[in-house]
Structures are given as structure tokens and as C-alpha cells.
2 protein chains.
Amino acid sequence: MTDDSSNEQGKRRRRKGLGLTLRDVARLAGVAPITASRALNTPDAVSDEILQRVKDAVERTGYVPNLLAGGLASRRSRLVAAVVPTISGSVFLETVQALTETLAASGYQMMLGQSGYHGSREDALLETIIGRRPDGVILTGIMHSTLARRRLVASGIPVVETWDLTPTPVDMLVGFSHEKVGTEVAQYLYGRGRRHMAAISADDERAIRRNRAFANAAQALGAATLSNAVPTHVVPAPSSVASGREGLRVLRAKDPLIDAIFCSSDMVALGVLTEAQAQGIKVPEQLAIIGLGDLAMSRELHPALTTVRVDGTLIGRTAARYIMQRAEGGTVAEPVCDVGFTIVERATT
Amino acid sequence: MTDDSSNEQGKRRRRKGLGLTLRDVARLAGVAPITASRALNTPDAVSDEILQRVKDAVERTGYVPNLLAGGLASRRSRLVAAVVPTISGSVFLETVQALTETLAASGYQMMLGQSGYHGSREDALLETIIGRRPDGVILTGIMHSTLARRRLVASGIPVVETWDLTPTPVDMLVGFSHEKVGTEVAQYLYGRGRRHMAAISADDERAIRRNRAFANAAQALGAATLSNAVPTHVVPAPSSVASGREGLRVLRAKDPLIDAIFCSSDMVALGVLTEAQAQGIKVPEQLAIIGLGDLAMSRELHPALTTVRVDGTLIGRTAARYIMQRAEGGTVAEPVCDVGFTIVERATT
DNA sequence: GTGAAAGCGCTAACAT
DNA sequence: ATGTTAGCGCTTTCAC
């Protein structure tokens, strides 16, 4: 039994917080606080009898450990921050979901931050994130400012960049090559007999890179327009169904011969499909459509949407694992993971 | 100037964390730590000269306050937890987005937790949440177990339940009446001349309540089937396009006279619309469709989707404001907010 | 296996 | 307006 039963004394000044603490539990179990701590965190380091006594005390009191205090003392917050441009884009949803789940399963919590598509709030966001001393930061689909990059590196917090494969990662990386996507989509459409390709692209950095590769490949194949360029309609991110409808109108006005459109997301593709149906354009006979993301709905559309599938769940899970491995003091052997992508052929091509 | 320049001494044992602390900044500025703290948190309580000196020191060192430590000391974590059944349902996205944004604007961070639609992980999730001592918890669209309820109340953390209006809130409430939605939808469809109503409903609690009200109202109006019941197809939550397609097939098989379907989400409605187009059923001539949620895409479909619009952004913003008000020691005068809903008439009815 | 002491980095409370 | 002191609730370190 420890000596401090001095609770009613005027000694303790800030005891307003009714909070139950580890000390209370320890006292109840008749052990030192540190022993109670061990019983909860490293049960193996404690005798069976004491373990049981502490467990009982926890049960009886309904004690919930204060993870803020624990984090401060142990320098492990068990908090992981995820940053997405915006949650409503839905392309990253799968990743965010996998992230939360994987982390939660190991007792980590996820903080979610939205950076906006153009990095406006990025620096401020990063400051509050670093302030929490998270065990890791997962960056999804953003182009981080150099200031932000430096701060992040300086903070020493493990970082995983996702949804891309850059040659100069801040730290770890889980993604795929956007250039390769563009190239393979052009080749795929060419293989399906398309010779007048066009694109609708969001104005974010990755989509643009994807598109450049697409245009180059299409030109190289001789599948661009007569003037040997690939008509491209750029729309503001996050891309939407409205963008797709508008895009088809604009592109057809530019060049009525267009027989295939590569869309920067399935939402855009749905817009193109909708507009085509509204205008009586036959898909895929007159127009092939391919999207990106393979949303749950895409396979259910009529006609079902051909799309580039990226395993967002795998990205999320892998990123979470990388972070946790690092947080637990391990090193990640090969901290770069190319999850690749697949072109899922359905009825719109 | 404070007295401790004792940094190199072997005295300080755990100085491995390279971490820059408030003390370092204070020393650089030539003030006491608490003064530096004031300069950062309550700049008005400090002279201009000192404010400047502290700011400079922060700038020079790149100091980022440790919010874990601050939270522990001040008993205000500036962390708010949001719990959603699953993020992929997309109905709550708007709310989550508004939440993150509103909170971030005031220096709060949002933790996101997924409870699953059937409360399986609810208790475990709640434990880790309470452990962080968040300044508030926002519950979205879940039916929380009684154990969870009790714990939450016991913890004394402000709670906002959203997307519903229950007669017995845990604490605060921002939502709308699902019963009223059901009733008004039936009345609306009746007004548009529909006499054979049916429904596709997710199997979550709210959708079921909505539907019961819908069925009752339809029956009362004499707009059910000949046997005076409203055919209802129940699908597992989260609802999807696939559910909608399947639902239409099932319902038509049950009763070919059905001329209107109330869907528990816009996604389901899109499924019904798609299936109708695939089968050559004319919308709205032969079949009226009404969804719920007013997703961004819904107005862009062809035909554009009639739907029940709920202002998810308003819900998120209001919930965030309630929490912050409480966290800042205030009281929320009327902690129940009915945001209502509107039926947005478009082309599918 | 168990415990005492000494912080983690910050802020509330009480001076001055 | 600024400083001193004493924690917040936990865990690390070192000793037994």
C-alpha cells in the first residue's frame, strides 16, 4: 500500500477535475501506480494475482486511462494524422476508411485534416498537426509546399505520402505512377480501335501529369485529332458530374470526331455518360468512356463504366502499417510501395 | 532572465527528445516560460515589447507548442471526436467536411471514428475516444448502445447527436425528424398523382423509421397497393446503387403497378433510375423516383433526381459551434436544433 | 516482479 | 504585466 491517502487535505489545489486517475485504481488494487500502469500496458510484466486485482479495480471504477498524459510521458501519442485535399472528392474515401480501421484495430486514432486542393490552408494545418505530436502523418493527394515539407522533416515525424510515386519522397511512399496510367489508358483505347482521343482533367497536379502522359502516348500512336493534339478540357478539382457533362459539350464542339474520352474520375465519367445519353450519343458505339477510381457505383451504371482501378484500401492499409511499424521503433525495410492499377474493362469502351 | 541554464548537466535524465520546448523559447526571449505561454495564448495579457521578443524567438527556432502537454495542463484538448457509421456512406460527408472546417478554423482538430452500422465496435471506439479527453463528441447517425451512452454521460464530455431528433438526447441535438420526412414524401407523391407507392430502405434504424411513417401516410391516403400495404424492399446499409437496381426488380416482381419509389438515399435512387433505363421503363411517366440526401451529382443526372435535401453542412457547423461554445465554458441556450429538410423537385417525379 | 523518484511540456493559481 | 510554484496523469529510469 502506498502512503498517499492525503486526498482530503487542502494540499492538492487543482483537484477540481473529478477525474479518476491511475492512482485511484492503484490504491484500490493496493499497488503502486506504476504497477497498475504495467498491468494495463505490459500485463506480462506483472504477476497474475496483481494483474487480476488491477483489472478488478478498473472494472469497478470504470477507469479510462488518460492518453494525453500517457502520450506526454511516453512520447507516443498513438495518434496519426491524415491529410486529404477534401473528403468530398470520394476518391480517397476508401483509403481514409482503411486507414481508420487499420489504425483503430491497433489502438491508434486518426485525426483528419483537409488541406484544400490548392494548399492554401496547408501550412496552418500542418502546424496544428505537428503540435499534437502524432506518431505519423499520412499525406494523401496533395502537393505540399516546401515550407510544409521542411517543417515536417524537421519534426522527425514519420510521413507516408500516398496516391503517387515521386522520385523524391519526404519519407515513405505508397502509390502508383500517374504517368503510367496515362500511357496505358491511351494504349488501351488504341487497342479498342479508338483514333480520336480526348480528355477531361481536373486541374490538380496528379491529374495533369496523368493527362500529359495520356496525350503524349495518344499522339505517338497517331490517335489524336487531325492537328495531332489531344483535345483536353480542364475542370476545377474536385471534379464532378457537372464537369463531365460540360466537358463533353465543350469537347464535341471543338472536335465532333472524338470517339474516346479519358476522364480524371468516375464522377466526371458519369457526367459524360449522362450527357451522352441526354444527347442521344451511343456509348460505346460512338463514344468510349473511361474513368478513374472504380467507385462502387461504376460497375452498376448502364452501361457499366470502364475505369482505372486503384486499390485505395491497400494504400490505406499499407500506409497505416508503415506508420505503426515506425512508431513501434521498427524500421520499414522498403518504404516505397507501388500498388499499381488495373484497367477494368466494362461496357463503356 | 530565469535561472536554469543547467542543460548540459547530467541532471536532466530524459533529455533525449531533441524537442524544442517553451522553456527554450522563453530563455531566448529572456522571459519566464509562463510569460512566453501568455504571449502565445493570450497576447493581450502581455506587453508589446515582450510579445515581439517571444514571437521572434518562436520564428527563429521554429517552435511548435506541444498540444498534448498543453491539453493535459489546461484540461482542454482542443480535440473533437466525430463518430460516423462509415465514411463511405457519403450522406454524412458534407457534415464531416463542415465539421473539420469549422473546428479547424478555431484551432480544434477532429478525430474520426467509424462505428460500423451495427454498433459492433462502438464500445471499444468510445473507450479510446474518451481516453483522449476530447472537448466534445459528435455522434452521427448511430444508435448507440446503452453502455456507450452511460459511459459518455459519466465522462462529462459534451455530446452532440446529429441527423436525428430524439425525444431523449444524451446532451445536445442537431437534426431533423425522419418521421416527418416519410410523411411529407408520401403526401408529395400523392400530390403528384401517384397511387401505388413503394419504398427501398436501408436497414438502419433511421431509415426504418422514415419508412414506417412513409408507409403509414401512403396507406392513409389510399396510395398503397390493392392489399393496402406499401411494398418495401429492405437492403443492408450502407445503401448502394446495386441495392437500387435490385430493389426495382424485386418490387416490380411483387407488384407491377408500382408508380413511385421512395429511396433511402440518392445512391439507391440512382440505382433505380439506372435499372429503369436499362429495362426501358420511362421516368417519370411510368415511375416516379425520389431519393434522400441531394448529393452533388443528383441534379446532374438525366433526368435530374427529385430528392429530400438535408443541410448536412449546417448540421456540421452547428454541432461544431455547440461543442466549442461548451468547451469555452459557455452554455448552449437551446441545445436542440431542428434543421428541417426540403423536398427538391426535379425531373424524376 | 515491484516500487520511488523524477520528469514529459505545459498552464492554473497565487503572488508581486 | 510578469514571475514562482505546483501540479495535469502518466511513464521512464533506476533500485531493490
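Every chain is numbered from 1 and lettered A, B, ... according to where its sequence line falls, protein lines coming before strand lines.
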Where the side chain of [X] is concerned, which of [options] is the nearest nucleotide?
X: A:Ala73; options: D:dT11, D:dG3, D:dG7; answer: D:dT11
X: B:Ala69; options: D:dT4, D:dA1, C:dG9; answer: C:dG9
X: B:Ile34; options: C:dA13, C:dG9, C:dT2; answer: C:dA13

Quiz item: Can you find a heavy atom in the side chain of B:Val153 that is under 4.5 Å from one in the side chain of B:Val170?
Solution: yes
With respect to the phosphate group of [N], does any side-chain polar atom (N or O) of [X] fall under 4.0 Å of OP1 or OP2?
X: A:Asn41; N: D:dT11; result: yes
X: A:Thr35; N: C:dT2; result: no
X: B:Ser47; N: D:dA1; result: no
X: B:Tyr63; N: C:dG9; result: no
X: B:Arg75; N: D:dG9; result: yes

Self-check item: B:Asp24 CG - C:dC10 C1' separation (whole Å)
Solution: 13 Å
Self-check item: Nearest-Å distance for atom pair CG/P, residues A:Leu72 and C:dC8
Solution: 9 Å
Quiz item: When only distance counts, do a donor and an acceptor, one from the side chain of A:Arg38 and one from the base of C:dG3, lie under 3.5 Å apart?
Solution: yes
Practice problem: Report which part of the nucleic acid B:Leu67 touches: base, sugar-phosphate, or nothing (heavy-atom distance under 4.0 Å, all strands). | Solution: nothing
Self-check item: Touch class at under 4.0 angstrom, heavy-atom based, for A:Leu68 against every strand present
Solution: nothing
Quiz prompt | Partner of B:Ile315 by side-chain contact (heavy atoms from CB on, under 4.5 Å), out of B:Thr140, B:Thr162, B:Leu99 | solution = B:Thr162
